[in-house]
Amino acid sequence: MGVVASGLLLAGCGAGPSQVGTAAVIDGQVTTIDQVQDLLDKAVQEQPYAQQLAAQHKLDLVGREIVRQQLLHAVVRKAAQKEGLSTDDAAISAAMSQGDPLAGALPENLAQDQPAAVTQLVWRVRDHREAITDQYLEQKLAAKYLPTLSVNFDYTSIGAPTSDSEAPAIDAATARSQAIAKAEEYAANPNAIQAEIQNGAQGNVGQQAPALSSPEDAATVLFGVPANTAIAFQPNPTSAPTWWVTAVVRQRATGKPVATDQVQQPTPDQIGAIGVRLLQPYVNDVDFKINPRYGVWDPVGMDLAANANSFQGIVLPVRGSAPAQQ
């Protein structure tokens with residue numbers, strides 16, 4: 001269970017008197033800037049890692065994560081209701097009684113992965129039972145769909161790592177620009193991707209991917225969008241910053257178990273990440289407005305990005321199809 005087992009934006013102070021001091025409004029529930037600041041203060045008081053971030057002038061990452069988790073809390077409750085998922089209050093109580101997994105300081109070894117560390121930091125300053133329950137439901141969602149989830153897609157690739165470890169002949173900024181431009185092209189003309197591959201572009205047509213075969217990929221936007229969606233994203237931005245995949249998702253199936261002889265057992269962290277990704281179809285079920293000081297919703301990252309230029313990719317409906325899920 002993760003830790004248990006392992007737009008219309010508010011202007012902050014210019015959009016109207018009732019919105020002054022508001023960090024977010026999520027399904028009518030207001031989170032104030034003061035409430036976010038209180039959690040920031042708590043983090044700095046209790047957590048050495050937050051003190052490090054403060055010294056590095058990076059507490060904005062924590063504030064953004066606080067608002068993100070408020071939003072995902074609302075989304076996971078909507079998803080659980082629609083999917084018929086319930087919490088096991090007795091199991092959660094038992095786990096907490098045996099030693100609250102969110103008690104104490106963030107372990108030093110987690111600080112090597114800043115995004116994961118910031119996420120766990122905010123879990124520790126939130127209500128622990130609420131944070132653990134959110135993770136429990138996300139993992140139940142992943143467990144429900146992992147055996148049946150698969151996607152069929154066409155894709156091209158830019159700046160992929162080579163087998164001989166040579167540096168790709170493209171810089172990260174150019175790769176990003178080209179990948180997003182291709183996604184826009186494929187959204188307008190989804191058959192263009194097939195023509196490019198026929199003309200020698202790196203990629204494939206009709207690629208079938210069961211989630212069980214690659215739990216790491218199952219946590220990406222590729223598995224979170226509906227059919228007839230064009231996307232661009234980075235499979236591994238840390239180790240391969242120039243590598244972008246641009247794809248058109250042709251089918252997304254969840255109706256029956258997927259037959260595959262290449263099952264990979266997901267790690268607890270992967271289960272948690274897949275659960276968050278599977279919330280993507282439910283984000284639009286929540287009515288939310290975020291003060292831009294805390295960022296802009298990025299469906300590719302399932303995160304709040306500092307601004308639109310910081311999005312981890314793009315999601316676009318193919319021309320003539322229903323709007324893509326954000």
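Every value quoted in this text rests on a predicted model; they were computed, and no experiment measured them. Just so it is clear, the values below take in all heavy atoms, side chains as well, and ignore hydrogens, waters and symmetry mates.
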Visitor: If you count the non-hydrogen atoms of other residues, nucleotides and ligands that lie under 6.0 Å from CD in E108, is the total more than 12?
Guide: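 Not buried by this count: 12 neighbours or fewer within 6.0 Å.
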Visitor: Run the side-chain hydrogen bond (donor to acceptor under 3.5 Å, both in side chains) check on S157 and W243 step by step: do they pass?
Guide: CA-CA 7 Å; S157 178; W243 183 22; 3.0 Å; yes
Visitor: Give me the one residue out of D88, I92, D89 that meets side-chain contact (heavy atoms from CB on, under 4.5 Å) with T133.
Guide: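 Of the listed residues D88, I92, D89, the side-chain contact (heavy atoms from CB on, under 4.5 Å) partner of T133 is I92.
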Visitor: Going through the distances and angles, do R129 and S93 end up as a side-chain hydrogen bond (donor to acceptor under 3.5 Å, both in side chains)?
Guide: CA-CA 8 Å; R129 188 179 189 89; S93 295; 2.9 Å; yes
Visitor: Say whether, by atom type as modelled, one donor and one acceptor occur between the side chain of N199 and the main chain of A195 under 3.5 angstrom.
Guide: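 Such a contact is found between N199 side chain and A195 backbone.
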Visitor: Tell me if a side-chain donor or acceptor on S97 pairs with a main-chain N or O of A94 at a distance below 3.5 Å.
Guide: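 Checking the backbone N and O of A94 against the side chain of S97, a donor-acceptor pair under 3.5 Å is found.
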Visitor: Any side-chain to backbone donor/acceptor pair from R124 onto T119? Under 3.5 Å, distance only.
Guide: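 Answer holds: no.
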Visitor: Please lay out, stage by stage, how I197 and T156 fare under the test side-chain contact (heavy atoms from CB on, under 4.5 Å).
Guide: CA-CA 7 Å; I197 292 171; T156 58; 3.9 Å; yes
Visitor: Should we say atom CD of Q52 is surrounded by more than 12 heavy atoms from elsewhere, each under 6.0 Å from it?
Guide: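 Yes.
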Visitor: Look at the side chain of D127 and the backbone N and O of E130, then say whether any donor-acceptor pair between them is shorter than 3.5 Å.
Guide: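 Yes, the answer is positive, given that a donor and an acceptor are paired below the 3.5 Å cut-off.
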Visitor: Would T220 and D217 count as a side-chain hydrogen bond (donor to acceptor under 3.5 Å, both in side chains) if you check the C-alpha gap in whole Å, the side-chain angles of each, and the deciding distance to 0.1 Å?
Guide: CA-CA 5 Å; T220 70; D217 290 339; 5.5 Å; no
Visitor: What verdict does the salt bridge (charged side-chain N to carboxylate O under 4.0 Å, His left out) test give for D303 and R64, after you've listed the backbone C-alpha separation in whole Å, the side-chain angles of each residue and the deciding distance to 0.1 Å?
Guide: CA-CA 9 Å; D303 200 358; R64 196 173 299 133; over 6 Å; no
Visitor: Side chains of F288 and I290: closer than 4.5 Å at any heavy-atom pair?
Guide: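 Counting from C-beta outward, F288 and I290 do come under 4.5 Å.
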Visitor: Going only through I, L, V, M, F, W and Y residues with side-chain contacts under 4.5 Å, is there a path from V258 to L146?
Guide: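 No, no single cluster joins them.
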Visitor: Would you find more than 12 non-hydrogen atoms of other residues, nucleotides or ligands less than 6.0 Å from Q207 atom CD?
Guide: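 Enclosed: over 12 neighbouring heavy atoms sit under 6.0 Å from CD of Q207.
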Visitor: Considering non-hydrogen atoms only, spot the tightest contact between T87 and Y136 and give its length.
Guide: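 Minimum heavy-atom separation between T87 and Y136: CA-CE2, 3.6 Å.
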Visitor: Within the side chain of N228, is there an N or O that forms a donor-acceptor pair under 3.5 Å with the backbone of V318?
Guide: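 Absent.
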Visitor: List the atom of A43, the atom of A50, and the distance in Å for their closest heavy-atom pair.
Guide: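 Shortest heavy-atom separation between A43 and A50 comes out as O-CB, 3.3 Å.
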Visitor: Given side-chain hydrogen bond (donor to acceptor under 3.5 Å, both in side chains), test Q45 with D41 step by step and report yes or no.
Guide: CA-CA 6 Å; Q45 290 167 5; D41 292 344; 5.6 Å; no
Visitor: Could you list all the salt bridge (charged side-chain N to carboxylate O under 4.0 Å, His left out) pairs where at least one residue sits in residues 174-192, not counting sequence neighbours?
Guide: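 Residue pairs passing salt bridge (charged side-chain N to carboxylate O under 4.0 Å, His left out), neighbours aside: K182-E196.
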Visitor: Should the heavy atoms of other residues, nucleotides or ligands under 6.0 Å from NZ of K42 be counted, would the total exceed 12?
Guide: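 Atom NZ in K42 is crowded, with more than 12 foreign heavy atoms closer than 6.0 Å.
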Visitor: Test of understanding: clusters of I, L, V, M, F, W, Y form through side-chain heavy atoms closer than 4.5 Å, transitively. Do L212 and L141 belong to the same one?
Guide: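 Looking at the clustering, L141 is in the same group as L212.
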Visitor: Set out, in order, the CA-CA distance, both residues' side-chain angles and the distance that settles salt bridge (charged side-chain N to carboxylate O under 4.0 Å, His left out) for D134 and R126, then state yes or no.
Guide: CA-CA 11 Å; D134 286 353; R126 288 175 58 194; 2.8 Å; yes
Visitor: For P257, is there any backbone N or O sitting under 3.5 Å from a side-chain donor or acceptor partner on T148?
Guide: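 Not confirmed, T148 side chain does not pair with P257 backbone.
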Visitor: On a heavy-atom basis, which atom in Y145 and which in E83 lie closest, and how many Å separate them?
Guide: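 Result for this residue pair: OH-OE1, 2.6 Å.
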Visitor: Please tell me if the side chains of S213 and Q264 come closer than 4.5 Å, counting only heavy atoms from C-beta onward.
Guide: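 Of all side-chain heavy-atom pairs linking Q264 with S213, none is under 4.5 Å.
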Visitor: Between Q47 and L106 (side chain of the first, backbone of the second, donor and acceptor by atom type, cut-off under 3.5 Å), is there such a pair?
Guide: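 Indeed, once roles are kept as given, a pair shorter than 3.5 Å links the two residues.
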Visitor: When you measure from the side chain of Q135 to the backbone of A131, do you find a donor-acceptor pair of N or O atoms at a distance under 3.5 Å?
Guide: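 Such a contact is found between Q135 side chain and A131 backbone.
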Visitor: For V76 versus L137, what's the shortest heavy-atom pair and its separation?
Guide: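 Heavy atoms only, the tightest pair is CG2-CB, 3.7 Å.
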Visitor: Could you tell me whether D27 and K78 have a side-chain N and a carboxylate O separated by less than 4.0 Å?
Guide: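 Between K78 and D27 there is a salt bridge, with a charged N closer than 4.0 Å to a carboxylate O.
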Visitor: Testing the basics here: between P190 and A187, what is the closest heavy-atom pair and its distance to 0.1 Å?
Guide: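 So the minimum-distance heavy-atom pair works out to CD-O, 4.3 Å.
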Visitor: Does M302 share a hydrophobic cluster with V300, counting links as ILVMFWY side-chain heavy atoms below 4.5 Å and allowing steps through other members?
Guide: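 Same cluster: M302 reaches V300 through Ile, Leu, Val, Met, Phe, Trp or Tyr contacts under 4.5 Å.
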Visitor: Hey, does the side chain of E138 reach the backbone of I271 with a donor-acceptor pair shorter than 3.5 angstrom?
Guide: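 No: the side chain of E138 does not pair with the backbone of I271.
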Visitor: Please walk me through it: do T22 and T32 pass side-chain contact (heavy atoms from CB on, under 4.5 Å)?
Guide: CA-CA 4 Å; T22 299; T32 67; 5.7 Å; no
Visitor: Answer yes if I26 and V122 sit in the same cluster of Ile, Leu, Val, Met, Phe, Trp and Tyr residues linked by side chain heavy atoms under 4.5 Å apart, and no otherwise.
Guide: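 Same cluster: I26 reaches V122 through Ile, Leu, Val, Met, Phe, Trp or Tyr contacts under 4.5 Å.
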Visitor: Looking at D60 and R293, does any basic side-chain N land under 4.0 Å from a carboxylate oxygen?
Guide: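 Answer for the salt bridge query: no.
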Visitor: Check whether D298 reaches the backbone of Q312 with its side chain - one donor and one acceptor, N or O, closer than 3.5 Å.
Guide: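 Such a contact is found between D298 side chain and Q312 backbone.
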Visitor: Are more than 12 heavy atoms from other residues, nucleotides or ligands located less than 6.0 Å from atom CD of Q51?
Guide: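 Counting neighbours around CD of Q51, more than 12 heavy atoms of other residues, nucleotides or ligands fall under 6.0 Å, so yes.
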Visitor: Please report the shortest heavy-atom distance between G206 and N152, naming the atom on each side.
Guide: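 Between these two residues, the closest heavy atoms are O-ND2, 3.6 Å.
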